[in-house]
Amino acid sequence: LDVKSGECVAMLGATGAGKSVLMSLVPRFFDPTAGRVLLDGVDVRELHLDDLRRNIGLVFQESFLFSNTIAANIAFGHPEATRAQIEQAARIAAAHDFITQLPQGYDTVLGESGNTLSGGQRQRLAIARAVLLEPAILLLDDPTAAIDSETEHEIFEALDRAIAGRTTFIVAHRLSTLRRADFIIVMERGRIVQRGTHEQLMREAGPYLHVASLQLVDNRELQ
C-alpha cells in the first residue's frame, strides 16, 4: 500500500479484517512481524517514538472527554498549548462557534464524559484535540460510527477541514464518508482485496459494490 503525502485513503472491511491493525502500525502501537512501514522513505522503527507520535493525530469512534474545561479537553496530551493554539484547533474542527455560545466559552466545565454535549459536538472536540499540534498524519477510526445520520453532517465540515493538506487514513462504513477519500481499500482477513475510487469500485463486482448496494437499498426504504 502506497499513500502519497496529503492523500486520504479510506478503509472498508468487516470486523476482524485488519483495518485497525493496519492503522496501529503507523504510530507503532506495535510493529509488523514481516515487511516494513515507511514514512517519507524511512522505516518508522528508526524514528524517535515521541517525534513520530507528535506528528500523528487520532480520532476514535467515541473519544473520552473529562470532567474539565473545554480548553483542557482539547489540550489533553499537550497541556502546554496556548489558548490561541486551542482556539485555532477548534476553528479547524468547526467547534469554535458552538463553544463560544456556551456560558463560559472555552472555560465551560463539561459533565462526565461530556454528556452535556451532543454526539456531533463531542466528536468535533475530539477532532480539535487531534489537530492541535498540526500533525502531518491523521488516523480516523470510523469517526461517524457513533453519530446518527441526522447529525453526521455536523462533523463533515470538521473532517473536511482537518483532512485538508494531511495524509489521512480513515476507517469508514458509510458511503457518505467513503466518497470523501481520494481512494478506498477493501480488506478481508488482513489483506487488501480491492482498491480504487468510489466510482471505480461501483463499476466492478466485489465486496464494495455489495456493501454500497445494501446501503442504497436501506436509504431508499427510509425515505
Side-chain angles (χ1 to χ4, degrees), residues 11 15 19-21 23-24 26-30 48-164 166 168-174 176-177 180:
M11 290 176 277
T15 300
K19 306 179 301 295
S20 296
V21 172
M23 288 218 299
S24 296
V26 180
R28 291 193 64 198
F29 290 153
F30 51 84
H48 192 284
L49 194 57
D50 286 344
D51 291 337
L52 173 66
R53 292 180 177 172
R54 198 174 291 116
N55 279 283
I56 298 173
L58 296 164
V59 179
F60 300 102
Q61 290 182 19
E62 295 188 52
S63 294
F64 188 81
L65 297 176
F66 300 94
S67 183
N68 205 331
T69 66
I70 284 180
N73 270 282
I74 293 176
F76 172 70
H78 309 292
E80 72 283 358
T82 65
R83 179 57 65 95
Q85 289 175 310
I86 292 170
E87 291 187 9
Q88 175 61 17
R91 286 189 174 92
I92 292 173
H96 179 73
D97 288 346
F98 89 76
I99 292 172
T100 55
Q101 292 172 7
L102 295 173
Q104 282 80 43
Y106 284 84
D107 295 317
T108 300
V109 176
L110 298 178
E112 190 67 35
S113 300
N115 57 15
T116 53
L117 301 177
S118 70
Q121 289 172 333
R122 290 195 297 271
Q123 276 301 68
R124 279 180 280 172
L125 291 185
I127 293 169
R129 179 189 288 171
V131 302
L132 178 60
L133 287 188
E134 301 182 1
I137 300 170
L138 270 182
L139 304 178
L140 309 174
D141 193 355
D142 217 352
T144 62
I147 307 295
D148 61 66
S149 57
E150 291 184 5
T151 57
E152 185 181 29
H153 71 277
E154 290 184 18
I155 66 169
F156 274 149
E157 180 185 358
L159 286 175
D160 289 342
R161 288 185 187 182
I163 288 170
R166 294 185 172 90
T168 305
F169 296 81
I170 179 168
V171 172
H173 293 91
R174 294 180 180 177
S176 50
T177 307
R180 284 172 151 71

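Heads up: numbering here begins at 1 and tracks the sequence.
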Is the shortest heavy-atom distance from the side chain of [X] to the side chain of [Y] under 4.5 Å?
{"X": "V131", "Y": "L138", "answer": "yes"}
{"X": "I70", "Y": "L110", "answer": "yes"}
{"X": "L125", "Y": "F98", "answer": "yes"}
{"X": "I99", "Y": "T108", "answer": "no"}
{"X": "S20", "Y": "D141", "answer": "yes"}
{"X": "S24", "Y": "F30", "answer": "yes"}
{"X": "I163", "Y": "R180", "answer": "no"}
{"X": "T69", "Y": "I74", "answer": "no"}

From [X] atom [atom1] to [Y] atom [atom2], the distance as rounded to the nearest 0.5 Å:
{"X": "Q88", "Y": "L132", "atom1": "CD", "atom2": "CG", "answer": "10.0 Å"}
{"X": "R83", "Y": "Y106", "atom1": "CZ", "atom2": "OH", "answer": "8.0 Å"}
{"X": "L140", "Y": "L58", "atom1": "CG", "atom2": "CG", "answer": "8.5 Å"}
{"X": "F64", "Y": "R122", "atom1": "CZ", "atom2": "CZ", "answer": "11.5 Å"}
{"X": "F156", "Y": "R161", "atom1": "CZ", "atom2": "CZ", "answer": "15.0 Å"}
{"X": "T100", "Y": "L102", "atom1": "OG1", "atom2": "CG", "answer": "8.0 Å"}

Side-chain donor/acceptor of [X] to backbone N/O of [Y], under 3.5 Å:
{"X": "Q121", "Y": "S118", "answer": "yes"}
{"X": "R53", "Y": "R28", "answer": "yes"}
{"X": "Q123", "Y": "G120", "answer": "no"}
{"X": "R166", "Y": "I137", "answer": "no"}
{"X": "R129", "Y": "N73", "answer": "yes"}

So which atom in [X] and which in [Y] form the shortest heavy-atom distance, rounded to 0.1 Å?
{"X": "A71", "Y": "I86", "value": "O-CD1, 3.8 Å"}
{"X": "L52", "Y": "V26", "value": "CD2-O, 3.6 Å"}
{"X": "A158", "Y": "A93", "value": "CB-O, 3.0 Å"}
{"X": "P135", "Y": "G57", "value": "CB-N, 3.6 Å"}
{"X": "D142", "Y": "A172", "value": "OD1-CA, 3.7 Å"}

TODO: Inspect the contact between R124 and D97 and indicate whether a charged nitrogen and a carboxylate oxygen are less than 4.0 angstrom apart.
DONE: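 Not counted as a salt bridge, because no side-chain N and carboxylate O are separated by less than 4.0 Å.
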TODO: Give the intermediate values and the outcome of side-chain contact (heavy atoms from CB on, under 4.5 Å) for residues K19 and H173.
DONE: CA-CA 11 Å; K19 306 179 301 295; H173 293 91; 4.0 Å; yes
Task: Pair listing, ring pair (Phe, Tyr, Trp, His ring centres under 6.0 Å) test, anchored in residues 69-93, at least two apart - done: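 Sorted result for residues 69-93: F66-F76.
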- [ ] Test side-chain contact (heavy atoms from CB on, under 4.5 Å) on I170 and M11 and set out the steps.
- [x] CA-CA 6 Å; I170 179 168; M11 290 176 277; over 6 Å; no
